Amino acid sequence: MCIKNKKKLLEELGENRLPYLTPSDADFHQLWKTKYSKLIFRKSDTVPEELHQMVQESFLTLREHDCFFQDLVRIKGKDFLTPVSRILIGNPGCTYKYLNTRLFTVPWPTEGYDIKYCSPRIHDACKALMRLNDYLHIEAVRALQGQNFFETKIKDTTLIDREQSFATSLTEQGSVSRGQSSVCVAEDDRSLKNRTSYNLTLLNYMDPLQMLYLKQEPYFGMGNVAVSWHHDENLVERSTVAVYSYSCEDSAIQESNEQELKGRDPAVWHVGLKVAWDIETPGLAVPLHQGDIYLMLDDLNMTHQHCVLAGLSPRFSSTHRVADSSRGTLEYIIGRCELALQNLQTDSDSMALSLKSLEATVVKQVEEIHNEVEFEWLRQFWFQGKRYLKCTDWWLKPMAKLEEFWRKLEVMTSLLLSEVRKEQQIEEQRNETISCFLLLLKERQKLRKEWTASKQSRMPVQSEPQTDPY
């Protein structure tokens, strides 16, 4: 859908470019207030200095330990290397998937978990980012409460005006009823917490001067793009995204004289926003300086798109998210594997393995889980190579456990193949089982070929895939 929309929009534009505003434009703040009101900005001087120091030192520590990696992502069936290097840090056992690539959290220090870091400095870096996470959660709750209060006030004013007009009309007719009033229900505290309790942060790093090529922003002519227009994926609905930006501003890189510029200053990093697939509303380009924070509240991530426009200096960012954990946690996938293995039984005398049921629905469920653990978890993890060992070996034991589950699922597939070759089954039931089984086997074969091809795609040397057990 997005690809079709993009093609249609570019065709409509032709050689023209859509208008966009920066702070130097007279209508900038009015546009922000009316069309981008759910983008909240906090200048660096509103953030505690101690937190700045901790977080910025953590960025530099992670870079010094070579913890940032470019990702190989899949777009329209083709593999691309991201210009931005990343690392995911968050709750133990959490993952985040974007553009068909699943990233695994380097766990931040969490009570009840035994996490061994490769150095005390990496421990401190993860702890600092957890502190930032807590701070941004509080800021997001305050911002949403402020927004709700503002919206309620507007609604109340509108309702009171309407009610007064309505009451006057009814009074004239002699039929007004007493006690009518507007009732506004404040947003439930639990909902606020669910939409701001960040379970991970995706850290980004890029040095534009080290890049051989950067794409140009296609709709507004905003210049070099570090991250193209997008909605953030796999988040809890209407959850807030919070971003801490740290550009390593060097005195050698001077900001341009804004009066001489048309549009945004190319020396300075910006976040760009636009209403999704809208050619009427001007875009917005907001400059980002060292230690600035911005929040994308409520449904802004769904109704609007954002991009990151490159400046000249190296930049880090910490993007805190409420990732949808319904299918993306270690606990979830272990539960799925245990569910599938309930169909495997061992004879108490001979110790021979067999399947409890050959029902098509049971077979389908087991083989779907087989595919899920292999392609959504094991291959994703091992394909990314040794990157996680730069910080911790925490994921090795869980992955060994998932591999053991996978081996048993392979045995179950072999047992099923043996069973469907037998003639004892009722033909209709046998055909139904074979039919759903073959579909999943074909999908497995196709995916294995794709993963083999991806291994041969260009990868950064430090991310070279490990030899996996498949």
Side-chain angles (χ1 to χ4, degrees), residues 55 58 62 67-69 71 73 85-118 122-123 125-137 140 193-204 232-244 296 301 317-338 369 372-385 387-403 405:
V55 171
S58 74
L62 293 169
C67 296
F68 288 93
F69 295 92
D71 293 322
V73 296
S85 299
R86 297 187 165 103
I87 180 174
L88 189 70
I89 297 176
N91 290 351
C94 270
T95 68
Y96 181 67
K97 190 177 180 188
Y98 80 104
L99 297 177
N100 298 301
T101 294
R102 184 178 300 282
L103 301 180
F104 298 76
T105 54
V106 171
W108 43 39
T110 307
E111 191 176 344
Y113 288 86
D114 180 24
I115 304 162
K116 295 183 178 70
Y117 296 96
C118 295
I122 288 180
H123 167 275
C126 292
K127 187 175 181 180
L129 291 160
M130 187 168 66
R131 282 274 301 275
L132 175 63
N133 197 65
D134 294 341
Y135 175 83
L136 291 173
H137 163 65
K193 186 178 179 183
N194 289 344
R195 297 195 289 130
T196 58
S197 294
Y198 304 119
N199 48 14
L200 51 82
T201 176
L202 183 61
L203 272 61
N204 304 289
D232 287 334
E233 300 178 70
N234 292 316
L235 304 180
V236 167
E237 189 176 359
R238 294 177 61 218
S239 61
T240 296
V241 177
V243 181
Y244 179 96
M296 294 187 286
N301 182 53
S317 68
S318 184
T319 64
H320 297 249
R321 304 151 191 255
V322 189
D324 180 4
S325 57
S326 60
R327 297 173 66 89
T329 64
L330 183 61
E331 181 182 15
Y332 158 80
I333 193 61
I334 286 175
R336 290 279 286 168
C337 290
E338 288 173 343
I369 293 170
E372 184 176 14
V373 71
E374 178 173 338
F375 300 109
E376 289 294 328
W377 289 82
L378 291 169
R379 286 186 182 271
Q380 290 274 2
F381 182 80
W382 289 114
F383 183 71
Q384 292 170 44
R387 65 163 67 180
Y388 300 104
L389 296 178
K390 293 273 186 180
C391 299
T392 177
D393 62 358
W394 189 86
W395 276 99
L396 295 185
K397 283 184 180 178
M399 283 297 144
K401 186 173 184 176
L402 291 181
E403 283 175 27
F405 285 144

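All figures in this text were calculated on a predicted structure; none of them were measured in a lab.
- Asn194 is not listed as a side-chain neighbour of Val322, based on a closest heavy-atom distance of 4.5 Å or more.
- Once rounded to the nearest 0.5 Å, the distance linking SG of Cys337 with OH of Tyr332 reads 9.5 Å.
- Taking both residues in full, the closest heavy atoms of Asp232 and Leu235 are given as CB-CD1, 3.6 Å, listed atom of the first, atom of the second, then distance.
- For the side-chain hydrogen bond (donor to acceptor under 3.5 Å, both in side chains) test, residues two or more places apart in sequence or in another chain that qualify with Ser318 are Thr201, His320.
- Considering all non-hydrogen atoms of both residues, Ile87 and Cys391 come closest at CD1-SG, 3.8 Å.
- Contact check for Phe405 versus Glu338: side-chain heavy atoms found under the 4.5 Å cut-off.
- Side-chain atoms of Thr95 come within 3.5 Å of backbone atoms of Gly328 as a donor-acceptor pair (strictly under, hydrogens ignored).
- The side chain to side chain contact (heavy atoms under 4.5 Å, CB included) search around Arg86 returns Asp71, Thr82, Val84, Tyr98, Leu202, Asn204, Val227, not counting sequence neighbours.
- Phe69 and Lys390 get closest at one heavy-atom pair: CZ-CG, 3.9 Å.
- Remark: Glu237 pairs with Met302 by the side chain to side chain contact (heavy atoms under 4.5 Å, CB included) rule, at least two apart or across chains.
- For His137, there are no ring pair (Phe, Tyr, Trp, His ring centres under 6.0 Å) partners, not counting sequence neighbours.
- In this structure, CE in Met296 is found 5.5 Å from CG in Asn301, a value given to the nearest 0.5 Å.
- In this structure, Asn199 has no side-chain hydrogen bond (donor to acceptor under 3.5 Å, both in side chains) partners at least two apart in sequence or on a different chain.
- With sequence neighbours excluded, no residue forms a side-chain hydrogen bond (donor to acceptor under 3.5 Å, both in side chains) with Thr105.
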For this session: Please report the C-alpha distance between Leu129 and Leu62 in whole Å, then the side-chain angles of each, then the deciding distance to 0.1 Å, and finally whether the side chain to side chain contact (heavy atoms under 4.5 Å, CB included) criterion is met.
Result: CA-CA 11 Å; Leu129 291 160; Leu62 293 169; 4.1 Å; yes
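- Residues Asn91 and Thr329 are not in side-chain contact: their nearest non-hydrogen atoms beyond the backbone lie 4.5 Å or more apart.
- Here the straight-line distance linking atom OH of Tyr96 with atom CG of Leu88 works out to 9.0 Å at 0.5 Å rounding.
- In this view, Thr319 and Arg321 satisfy the side-chain hydrogen bond (donor to acceptor under 3.5 Å, both in side chains) rule, not counting sequence neighbours.
- Looking at heavy atoms from C-beta onward, Arg327 lies out of side-chain contact with Asn234 at the 4.5 angstrom threshold.
- Each of Glu403, Glu374, Glu372 was evaluated against Arg379; a single residue qualifies, Glu374, per the salt bridge (Lys or Arg N to Asp or Glu O under 4.0 Å) test.
- Lys397 meets the salt bridge (charged side-chain N to carboxylate O under 4.0 Å, His left out) test with no other residue; sequence neighbours excluded.
- Residues satisfying the ring pair (Phe, Tyr, Trp, His ring centres under 6.0 Å) test with Tyr117, not counting sequence neighbours, are His123.
- Within the 4.5 Å cutoff, the side chain of Phe104 has no heavy atoms near those of the Leu330 side chain.
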Exercise. Is there a side chain to side chain contact (heavy atoms under 4.5 Å, CB included) between Thr240 and Leu136 once you walk through the steps?
Worked result: CA-CA 10 Å; Thr240 296; Leu136 291 173; over 6 Å; no
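- Side-chain contact between Leu203 and Cys67: absent, with no pair of heavy atoms (C-beta onward) separated by less than 4.5 Å.
- A heavy-atom distance below 4.5 Å is not found between the side chains of Leu402 and Trp395.
- In plain terms, the two heavy atoms of Val55 and Ala128 that are nearest each other are CG2-O, 4.1 Å.
- Using modelled atom types, one side-chain atom of Arg195 and one backbone atom of Arg238 make a donor-acceptor pair closer than 3.5 Å.
- Closest heavy-atom contact between Arg102 and Tyr388: O-OH, 4.4 Å.
- Contacts of Tyr244 classified as ring pair (Phe, Tyr, Trp, His ring centres under 6.0 Å), with partners at least two apart in sequence or in another chain: His52.
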For this session: Apply the test side chain to side chain contact (heavy atoms under 4.5 Å, CB included) to residues Thr101 and Gln384: give CA-CA distance (whole Å), side-chain angles for both, the deciding distance (0.1 Å), then the verdict.
Result: CA-CA 10 Å; Thr101 294; Gln384 292 170 44; 4.2 Å; yes
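- A search for side chain to side chain contact (heavy atoms under 4.5 Å, CB included) contacts involving Pro107 returns Pro92, Ile115, Thr392, Trp394, not counting sequence neighbours.
- In this structure, Tyr198 and Leu132 have side chains that are not in contact, with every pair of non-hydrogen atoms separated by 4.5 Å or more.
- In terms of the salt bridge (charged side-chain N to carboxylate O under 4.0 Å, His left out) criterion, residue partners of Lys97 (sequence neighbours excluded) are, by chain and number, Glu376.
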